[in-house]
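Before any comments, here is the structure.
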Amino acid sequence: MNSNAGTRLEISNLTVSFGAVRALKGVTLSVGHGEVVALLGSNGAGKTTTLRTVSGLTRPSSGAVTFEGTSILGLTPEKIVKLGISQSPEGRRLFGGLSVADNLRLGASTRSDAHQVAADLDNMFTLFPIIKQRMSQLAGTLSGGEQQQVALARALMASPRLLLLDEPSLGVAPLLVRHIFEALRELKRRGMTMLLVEQNTALALDLADRAYVLRNGQVVLTDEASDLRVGDRVAQAYLGASQ
Amino acid sequence: ADAIKIGFPANITGIEASFDGPMLNGAKLAVSEINAAGGVLGRPIDLVTYDTKSDTATISTVTSQMIESDKVKAFIGFADPDSVLAAAPQIEAAKIPLITPGATSPKLPLQVGTQVFLACFGDNVQAAVGAEFALEKLNAKKGYLITDMGMEYTTLLAEYFTKAYENGGGKLLGTDTYKTGDKNFTAQVTKIKALGEKPDFIFISAGGDDIGLILKQLRQAGVDIPVVGGDGYDTPLLLEMGGPAANNTYFTTHSFIGEGASPKVAAFMEAYKKAYGRAPENTFAALGYDAMKLMADAIKRAGSDDPAKIHEAIKTTAGLEGVTGTITYKDGNPVPEKSVTVIGVKNGKLYLASEEAPSFVPAP
Amino acid sequence: MVDASSDEILLRTRGLTKSFRGLIALRDHQIDLRKGEIVGVIGPNGSGKSTLFNCITGFSKPTAGEVFFRHDRISGLRPSAVVAKGLARTFQGSRLFVSLTVRENVRAAAHLRHQTNIFEAVLLTRRYFATQEAANGQAEELLSLVGLSHHADRLACELPYGDQRRLEIARALATAPDILLLDEPAAGLDSAETKQLADLIRRIRDSRGVTVVVVEHDMDLIMNLCERIQVLAAGEVICVGTPQEVRAHPRVREAYLGHE
Amino acid sequence: MLKSHAIGVALIALAISAAWLLPAIASDYVSRICLLMALNGIFVLSLALTNGFTGVFSLGHVGFIAVGAYASGILSLSVQQKSALLPNLPFLIAQMHLGFFPATIVAGLIAAALAVIVGFPLMRLSGNFVSVATMGFLIIVNVVLINASDFTRGARTFTGVPVDANLMWAVGWLAITFYILWRLVHSPFGRAMKSVRDDQLAASAVGISVLRTRLTAFVVGAFFAGVGGSIFAHYLGSFSPKTFYFAMTMNIVAMLVLGGMGSLSGALIGVVCISLITEVLRSVERGFTLGAFEVPAVFGASQIILGLIFIVVMIFRPKGIMGDREFTLGSKARQ
Amino acid sequence: MNFWDYVLQQLLNAVSLGSLYALVAVGLSIIFGIMRLTNFAHGDVMMVGAFGAVLSIAAGVPFIPAIVIGVAVASVLGILIERIAYRPIRKAPDVARLLTSLAVTYILENVGIVIFSSSPRNFPIPTWLDGSWQLTGGITLTNITLLTIAVSAGSLVLLGWFTTRTTAGLGMRAAAEDADAAQLVGLNVNKLIVIAFLLASAYAGLAGVLWAAQAGAVDPQMGFTPLLKAFVAAIIGGFGSIAGALVGGYMLGALEILIVAFLPSSVSPYRDAIVFALLIAFLLFRPGGLLQPNREIKL
Ligand SMILES: Nc1ncnc2c1ncn2[C@@H]1O[C@H](COP(=O)(O)OP(=O)(O)OP(=O)(O)O)[C@@H](O)[C@H]1O
Ligand SMILES: Nc1ncnc2c1ncn2[C@@H]1O[C@H](COP(=O)(O)OP(=O)(O)OP(=O)(O)O)[C@@H](O)[C@H]1O
Ligand SMILES: [Mg+2]
Ligand SMILES: [Mg+2]
């Protein structure tokens, strides 16, 4: 997957600073068409920062981000969503005072194809059956796991060509984690391109085609997921013993 | 020749602004007339003005600044006793006289030393005239009183009115209140309508910004009895805002400025309009004008700009004709004896209803 | 090493129920906590685990039921009174005092046991200095226990996430509790950090004899750490037992773990 | 152990002697400005405790200043003045006459006692609600002052208070206020206040009573507000309810926010900045000649410029000039 | 006038006053709802709107177009204020933003004074609006009251529709809860805030004109009282909730009228004190406001 034609997202040499803290120090990675790429790394490695920068919520100090060949650096988040990148953010970030239905409706706010939106909503009901029962409930009163599913569905309602997922299993009970990952696998089968940040390495590598490991804002390891599943190369990379 | 500096601290911004602003305009008009005519003692008058922002602490520093840095020889200023009292300690200490054009509280001289003079009559006098006018001219023996509790002027006026009216044999059927800034008086009006025994008139102790609106809401509810009040009514807003609702209203004030007013008043109106592009906003414009003329007269008679001599000269002012009446400080009393004009509204026009001195004046 | 647990019952809940306008988040809850044990509480999302903590520590007023600490009824007390009795907690998300330094975060809590008043603070009495010293000493000790001594003068909000979670534990410990309630302490930690956390919790119990209750979705942590586990589902207790018993329990597998 | 004390005493002594010397070398105008700055310093510092450190944004502080001013005013009128100005006073108060210092202490205590009563319900509220409720307190105080004419002369000016306050008194009280608040802020109580501000729930989870902490700050603040009110009364000698209303509130709050809410030295810097800027602008706005140019008077310009300066400061330093930090010479900012 | 007529008339008075408060409060609530900003400058936007109308009338524009001009001027001003003063500090602490809005107030008022002087000027009302209806039992109903009631009732319907049925309305509520997340679903938060300011300022302009029409005059400092009342009304109803602002406005109006109407005249001067004492008591029992249930904090 190194031919440029197949690349959906291309990040090169990305540097991000928060005051004195350098969160990313020249990160380079790419995601191909229909590919699922996992972004791993311990706390504070810079995973969330990478996703936020792609979405335009954080401004990098240098580097490049291109989506399907065009630079999206400096665009506002809503423009980036319109281009086809949507994110299910860390900590779910639902609109707690709005109903589940309204949350999903806002997820599709950049689209004008009302017909297709309705069809996509039905799709969500099959992917996450619980949502259908909770459509009129206020999102803030859902349990953590239910909220996570709504957050995923909301991101999907934008009909993205690249889905960014930030720790979809955080605070979610084991049974539900499995359910969510099954749904993600189903999406992958349908051809969805994803960049997945996940603390649970085993699960992530199970789903992903390739993976990157970040440490201290730098990529310290990258390989095919199938190769990383065996051995303790990932764990070593986390701790900083590899390379 | 170098100018004679007169201090004019004014609350140009803040809650006192609508009084002090026109007052300053009036005084400036007088200064330009005086200077155009060659000044006083051959020297022009320089009106030193700072905005005191309706803040008492600022007034105290500005007063000091004017005495020490600007070296003013006399002061003119303020429409409310608060401000005068804030400036008073320094004025007394420096022995520099102050004429207040608009602080009509007759208690004021009792509260300060010897340096403060009023250019206007005391509220006790105008309240007494108002009460006697109601009793005699309107033959109104039963009254109703509405007071703005938010201002010293209105509370004092109401107090003096009650004393004078009851002394003259009148009876108040009830009293009610509101607070400066209120825009809805329908509750008070409805209470009047629901009274068992009907009053013959209503005395409303209100400022010029409110009275038009009160009248409108009264008349709209069908209360047509006469309304009487004080010099606060004396602004163009009374007719503009009140419209036909202002009919059957009477108020005591300093001079008649309507159609057929005295030539002196007419000339002032004309000059003011020319200078500022609008009719005097309220009676404070005329009072500021008169206070400045009064000051110039005193300096001329003192023959010097020495504050002590000016003070002496102000004290002996007698029969000085101003726009707002004739000023005499009798026996050194710093509240002048001035006749009180009663103005009525008929068919949307002001007319001179009466001009008199009261027979009973409540003590300050 | 202190004997892991004794038979003395420290905390009892009886019939503890909490409903939010129709939704029953916790129903008829009952548990007995013995001194010095480490107990896990697990259950699907929304099963009432945090609600249980809130009801015990006074942040939520139970709709029905009672909580006893030693021989006192503590349900109905305000949170600050509950801490004073000897129950400390952490929160599901990080809730540090962001404008205080790491040390100050701990000292703010340490003063629960080293009280002084504003007059002493102004007059700088001898007693005031004594309490200052005592509180400071305690703070230093706890910071070194959780391994944050080298960060003591940094602002709490500047710490990496894992350190923040440990600071929160140190702060709770500064109130000198008999029982420590931890709500998802490992959420957001990576596996290495999670292991360190387990060691820390065990060390706290061993060195201080503190009873620990852990709510967590990380099964490795729970199964390794806890001597007893209670499982909630839809607000109800569905099973209590050792890790092995719980893992094997059919209802737990059905409601929580799923079938492997 | 005694060093802190010694520094405090030295600080107070230094401030007072400077204040004692100043009138001898400077004009009355300059010493008046200094006095007003000291007075505003007391107002702003006492407000900093609640608004800056506990995160309760009170808009009712001026209510306590008013109570202090009126209480002290009534107590320090002579018995004859009282019978003339306030004939309907209850006998006990009518016969009472206190000097400036005792009246100031009593004024502070009355304000503090009132703070205990109103703070008990008010300090339970948070966010916007506490701002509105404290503003409600200010309005209630204003309405009561206007209507309780037996005690306050109503809307009429309260006069006759002996003009006893000089620069020395004001600076002395400012130094005392600063020292006491400094000690409080750098004590466990200060930490408790900041904890409550940062996170109420977490604070109560470590045994800090939110209500008690806020109430203490509110009451201590009210005491010094009352003291400041008394000095104000004895500085001007006359005042009325409208003196203590929104204009004063805005002024004090602006000084505090501009200086930095979580900082005592910031509070003072805010006072000095706004006072000096206002003073300069006030003289500039009346117009001046610059060579051949004549700049006309634009009254109100000082407020406009001050407003613009404020906005610019907020854009570049949203937490005020000092933010949460204290101004210390050289040494580290945080304790 | 018999007792029941008296009660009816006073209730009518209450509704009339309440409508006016409600209208101001709605605008304040819209901005608070989306930006968590207590916009003190709202009162001054009202003032500018009213001045816009007055000056147009003075220039010979008929009444209705003059109102439209006033509303338009207010809207433009609102957007300018947002752009210049609020946008740069959108992420600043709440107090900083609150104080900035106070500074804006300060500036607008004083610019007003510099340009127009602080003396009030008459707000001329056409005769068709100045009229009143005399009903049986001596009850009076003025046209301007009817208009105010109609406008605030209409605003409830309009805003209700806008916030629950349109994407922009929903988006505004979403942005109020979490601006970052709103951007992540593709909402243009800047645009939404501009829409909110446009809407709120248009309301302010309309309220300013109606307020001035009822008060009969305009002056640069006229915005303060309505702002204060609206602030209280919005809090009573639950800040940020538009229906709440309306309910709060009516409650406040009713309280003010009823205290004067039914308490003895020795007590009625304490009106504002009573209103605020009740308000504080009310906040203690319903800290979230009238329409907000006492929601327990979710930890
Ligand atoms: N807004 C911010 N201000 C200051 N520092 C920040 C900010 N956001 C992130 N950081 C810092 O940037 C670094 C990377 O953070 P990031 O959130 O990207 O890590 P992460 O890999 O997502 O970690 P986690 O697994 O905890 O989510 C950390 O050191 C963090 O403290
Ligand atoms: N303040 C509240 N208002 C309404 N419902 C609430 C409130 N707090 C909790 N709930 C509901 O009560 C139930 C239990 O919530 P709780 O937070 O105790 O779950 P939990 O077991 O801690 O879940 P998680 O593992 O996701 O943290 C949930 O359905 C939740 O939506
Ligand atoms: Mg992250
Ligand atoms: Mg939970």
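Throughout, a chain's letter reflects where its sequence line sits, starting with A, and its residues are numbered from 1.
Heavy atoms of C/Ala121 lying under 4.5 Å from chain D belong to its backbone as well as its side chain. Contact of D/Val220 with chain C is made through the side chain alone, with heavy-atom distances under 4.5 Å. Neither the backbone nor the side chain of D/Ala192 comes within contact range of chain C; no heavy atom of the residue lies under 4.5 Å from a heavy atom of that chain.
The environment of C/His71 atom NE2 is sparse: at most 12 non-hydrogen atoms of other residues, nucleotides or ligands sit within 6.0 angstrom. By the neighbour-count criterion of 12 heavy atoms within 6.0 Å, atom CD of C/Glu133 is sparsely surrounded, having that number or fewer from other residues, nucleotides or ligands. Atom CZ of D/Arg212 sits in a sparse spot, with 12 or fewer heavy atoms from other residues, nucleotides or ligands closer than 6.0 Å.
When each of C/Arg171, C/Gln115, C/Arg107 is scored by its heavy-atom pairs under 4.5 Å with chain D, the top score falls to C/Arg107. For the options D/Val206, D/Leu184, D/Ile180, heavy-atom pairs under 4.5 Å to chain C are most numerous at D/Val206.
Side-chain atoms of D/Asp198 come within 3.5 Å of backbone N or O of C/Val98 as a donor-acceptor pair.
Atom CZ in D/Arg191 sits 8.0 Å away from atom OG1 in C/Thr101 (nearest 0.5 Å). The structure places CG of D/Asp199 at 6.5 Å from CZ of C/Phe91, a figure rounded to the nearest 0.5 Å. Note that OG of D/Ser187 is 7.0 Å distant from CD of C/Gln132, once rounded to the nearest 0.5 Å. How far OG of C/Ser99 is from NZ of D/Lys319: 7.0 Å, rounded to the nearest 0.5 Å. Atom-to-atom distance recorded for D/Phe189:CZ and C/Thr116:OG1 is 11.5 Å, nearest 0.5 angstrom.
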- side-chain contact (heavy atoms from CB on, under 4.5 Å) between D/Ser204 and C/Arg78, worked out: CA-CA 8 Å; D/Ser204 57; C/Arg78 278 174 296 114; over 6 Å; no
- Query: Under the side-chain contact (heavy atoms from CB on, under 4.5 Å) criterion, do C/Ser80 and D/Ile208 qualify, and how do the steps go?
  - Reply: CA-CA 6 Å; C/Ser80 52; D/Ile208 297 167; over 6 Å; no
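Of the listed residues (C/Leu124, C/Ile118, C/Leu123), just one forms a side chain to side chain contact (heavy atoms under 4.5 Å, CB included) with D/Arg183, and that residue is C/Leu124.
Annotation for C/Tyr128 and D/Pro188: closest pair OH-CD, 3.6 Å, computed over non-hydrogen atoms.
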